[in-house]
Protein chains: 2
Amino acid sequence: MATGRTHRPATRSRGIPEATVARLPLYLRALTALSERSVPTVSSEELAAAAGVNSAKLRKDFSYLGSYGTRGVGYDVEYLVYQISRELGLTQDWPVVIVGIGNLGAALANYGGFASRGFRVAALIDADPAMAGKPVAGIAVQHTDELEKIIEDNGVHIGVIATPAGAAQQVSERLIAAGVTSILNFAPTVLQVPDGVDVRKVDLSIELQILAFHEQRKAGEEATAEAVVADAVAEAAAKDVKDTAAEQSAEAKRTAAAEAAVPSAARAEATARTESTDRKGPDGDVPAVMPA
Amino acid sequence: MATGRTHRPATRSRGIPEATVARLPLYLRALTALSERSVPTVSSEELAAAAGVNSAKLRKDFSYLGSYGTRGVGYDVEYLVYQISRELGLTQDWPVVIVGIGNLGAALANYGGFASRGFRVAALIDADPAMAGKPVAGIAVQHTDELEKIIEDNGVHIGVIATPAGAAQQVSERLIAAGVTSILNFAPTVLQVPDGVDVRKVDLSIELQILAFHEQRKAGEEATAEAVVADAVAEAAAKDVKDTAAEQSAEAKRTAAAEAAVPSAARAEATARTESTDRKGPDGDVPAVMPA
DNA sequence: CCGTGTGAAGCAATTCACAGCG
DNA sequence: CGCTGTGAATTGCTTCACACGG
């Protein structure tokens, strides 16, 4: 999942839990699909199945919004669509800017899911002068120099950052200074922002890493004796390295660990892996995009 | 954040909390940056700041992996990089396939962050015959017909779905049947998968909707009297509609709510919004991509 | 009688605060 | 003395189970 940042601690009485807020768009999507099929009502059970959650959770979530269902019947689809849209603030128009029009930025600009939810791409911004004026998704790309003016003229409060990691912090500062208070960050960096500014981040490689973790577990369950042994050796070697940490240079240590950890046949591959991890370019994992 | 699906309930003793797993890649990124700057050690305080979390949480997280720090000193950067990489399973090579080579799929194929973390794009797959053979990010796109063969020949366990929503479920079934057990889903649909298969989803428009929710709250705080009144009216109108729900058609109801909700000046805009929400195309929010 | 709405119980994650070790 | 590692306290989320109302 993309990850988020906690907001203020539920300002007052009508505080909807963050976890619930994160699921509302899911319900909305399921409801919209039902609405298109002209389904008049749904039970919590049905809707929950469509949204991929369990029904108790769904009912609890809706209870924070109010009593919008009918006992013995279920929920009125159209009515719920309206209520959730309103709660999410989708009954108004949100102009957004996308900064960094590389592969990813362009994909985002072309993404139909924004427009259909009340998000209007007000401008595309890139630091590359060669990009300026080029149309992407039917909108002419503008140069970073115009950033402040664009934000202010369009009353933009939400910005999307799809620049390389190195540019992201600076871009966020300019966005915020110009009036943006919510940022969706695709650059693989932690943004430092003042209080009152919300940042949500989406990091593609983080999601894959989490999957790899679970995948590894699965593999471990049907582990061959060999693999188990290899792992035990690695563990032991690792401990060893740690124990002597004080006397060795960091570099030597890591190498020693990698070498000791992987016996015979597996060695070549594991070593290669370790090296390529090290070789990663500076701030290298950029989702795409423009030269800062 | 992108959202995930819970896994099995911590199979045995060494169960690392899911929340911790989700942060490990973050720590790894911060540590890699330090490593590149040849920083030998970090304190939990420093590393936490770099990763954007608080230090108590970080220490607790690391405590699940083992005692890898040195009291009074901090953590050895290289050593921790190695331990976390190993825990995440990044010391091995993970071939992945990307299905759906539209704007988003192409952006993912070009994304440098995968390769640098041990993920190797083994194949790009698209249903459009016209795409077959075309090189994207230096790899020739293959046709969906080849899907099973590709998965099996390359021993792929992780698949990325970047198709339109309508194609996603079917693609996931084929991937799973061929041996994939972890899926990163960019299509705006809930995938139905058997036990033992992990799905993580990234939905761009969901992230924006969550931001919009908070953004709306911020606006509400500096609310003008007018806005507050308008909202109260909307609330009352909504209740009213609900009360008479039984006698009205769903469609009439929603319209009534929208009309009653928004007095005078604000009306035009709000009505427009409601309409456009309704007008959304069927399965319309596709991140990009190939015709199924 | 069926499905919502919700207190209460159960879990999981976060934060606190400090003992213990280098 | 400083910083890690961790029990204990706390907060927040999920799940259970059933009373209540249409």
Side-chain angles (χ1 to χ4, degrees), chain A residues 1 3-11 15-24 26-27 40-77 79-80 83 210 242-247, chain B residues 1 3-11 15-24 26-27 40-49 51-77 79-80 83 239 242-248:
Chain A
M1 130 191 125
T3 333
R5 167 139 317 173
T6 326
H7 201 50
R8 79 206 69 196
T11 317
I16 300 177
E18 191 59 31
T20 295
V21 172
R23 279 187 298 266
L24 291 181
L26 225 59
Y27 301 143
T41 59
V42 261
S43 66
S44 61
E45 203 71 54
E46 293 163 332
L47 184 53
V53 304
N54 85 37
S55 64
K57 199 186 307 200
L58 178 142
R59 287 200 302 278
K60 181 65 92 179
D61 283 342
F62 286 177
S63 80
Y64 294 116
L65 309 184
S67 286
Y68 292 159
T70 308
R71 291 169 198 240
V73 178
Y75 300 91
D76 180 281
V77 172
Y79 180 64
L80 244 196
Q83 287 303 336
I210 296 171
K242 176 172 161 40
D243 293 345
T244 56
E247 300 92 39
Chain B
M1 103 191 121
T3 335
R5 168 139 314 172
T6 326
H7 201 50
R8 79 206 67 197
T11 316
I16 300 178
E18 190 57 32
T20 295
V21 172
R23 281 187 296 266
L24 291 181
L26 224 61
Y27 301 143
T41 59
V42 261
S43 67
S44 62
E45 203 71 55
E46 293 163 333
L47 183 54
V53 303
N54 83 37
S55 64
K57 198 187 304 199
L58 179 142
R59 286 199 303 277
K60 180 65 93 179
D61 283 343
F62 285 177
S63 80
Y64 295 116
L65 309 184
S67 286
Y68 292 159
T70 308
R71 289 168 198 244
V73 178
Y75 301 90
D76 180 282
V77 171
Y79 180 64
L80 245 195
Q83 288 302 336
K239 272 296 176 198
K242 174 173 163 38
D243 293 344
T244 57
E247 299 91 40
Q248 298 185 35

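Sequence lines set the chain letters: A, B, ... in the order given, protein chains first and strands last, and positions in each chain run from 1.
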Novice: What integer distance in Å separates Y68(B):OH from dG22(C):P?
Specialist: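 Rounded to whole Å, this separation is 17 Å.
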Novice: Below 3.5 Å between N/O atoms, which protein atoms pair up with nucleotides 16-21 of chain C? Just atom names and distances, please.
Specialist:
unit_1: dG20(C); atom_1: N3; unit_2: R71(B); atom_2: NH1; d: 3.3

Novice: Looking only at heavy atoms, what is the nearest atom pair of V42(A) and E46(A), with distance?
Specialist: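 Nearest heavy atoms, V42(A) then E46(A): CA-OE1, 3.4 Å.
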Novice: To the nearest 0.5 Å, tell me how far Y75(B) OH sits from S67(B) OG.
Specialist: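 One gets 8.5 Å once the value is rounded to the nearest 0.5 Å.
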Novice: What closest approach, in Å, do L58(B) and S44(B) show between heavy atoms, and which atom pair accounts for it?
Specialist: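 Minimum heavy-atom separation between L58(B) and S44(B): CD2-CB, 3.7 Å.
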Novice: Who are the side chain to side chain donor-acceptor pair (under 3.5 Å) partners of T20(A), not counting sequence neighbours?
Specialist: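 Only D61(A) meet the side chain to side chain donor-acceptor pair (under 3.5 Å) criterion with T20(A).
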Novice: Roughly how many Å is it from CG in L47(B) to P in dT4(D), rounded to a whole number?
Specialist: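 Distance check: L47(B) CG to dT4(D) P gives 10 Å.
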Novice: Tell me: OH of Y27(A) to P of dT4(C), nearest whole Å?
Specialist: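 The distance from OH of Y27(A) to P of dT4(C) comes to 13 Å, rounded to the nearest Å.
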Novice: Please find the pair of heavy atoms, one from L80(A) and one from F62(A), that lie closest to each other, and give the distance.
Specialist: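 Result for this residue pair: CD1-CE1, 3.3 Å.
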Novice: Nearest heavy atom decides the nucleotide; on that basis, is A19(A) or V73(A) closer to the 5' end of DNA chain D?
Specialist: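 With A19(A) and V73(A) compared, the 5'-side residue is A19(A).
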Novice: If you compare all heavy atoms of R23(B) against all heavy atoms of V53(B), which two are closest, and at what distance to 0.1 Å?
Specialist: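 Result for this residue pair: CD-CG1, 4.0 Å.
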Novice: In whole angstrom, give the distance that lies between atom CG of L58(A) and atom C1' of dT15(D).
Specialist: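 Those two atoms, CG and C1', are 14 Å apart.
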Novice: Among dT14(C), dT4(C), dA13(C), which is the nearest nucleotide to the side chain of R23(B)?
Specialist: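 Shortest atom-to-atom distance from the side chain points to dT14(C).
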Novice: For I16(B) and dA12(C), give me the distance from atom CD1 to atom P, rounded to whole Å.
Specialist: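 Between P of dA12(C) and CD1 of I16(B): 15 Å.
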Novice: NA contact type, Y75(B), heavy-atom cut-off 4.0 Å: base, sugar-phosphate, or nothing?
Specialist: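 Result for Y75(B) = sugar-phosphate.
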Novice: Provide, to the nearest angstrom, the distance between the CD atom belonging to E18(B) and the C1' atom belonging to dC11(C).
Specialist: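 Computing the E18(B):CD to dC11(C):C1' distance gives 15 Å.
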Novice: If each of E45(B) and D61(A) is mapped to the nucleotide of DNA chain D with the nearest heavy atom, which maps nearer the 5' terminus, i.e. the 5' end?
Specialist: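 Nearest nucleotide further toward 5': that of E45(B).
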Novice: Specify the closest pair of heavy atoms between T41(A) and D76(A), including all atoms of both residues, with the distance to one decimal.
Specialist: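 Taking every non-hydrogen atom into account, CG2-CA, 4.1 Å.
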Novice: Check the distance between dT4(C)'s C1' and D76(A)'s CG and give it to me in whole angstrom.
Specialist: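 Atom-to-atom, D76(A) to dT4(C), this comes out as 15 Å.
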Novice: Return the nearest nucleotide to the side chain of S63(B); candidates are dT4(D), dT6(D), dT14(D).
Specialist: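 That would be dT6(D).
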Novice: Round to the nearest Å and state the distance from L80(A) atom CG to dT4(C) atom C1'.
Specialist: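 Interatomic distance, CG of L80(A) to C1' of dT4(C): 12 Å.
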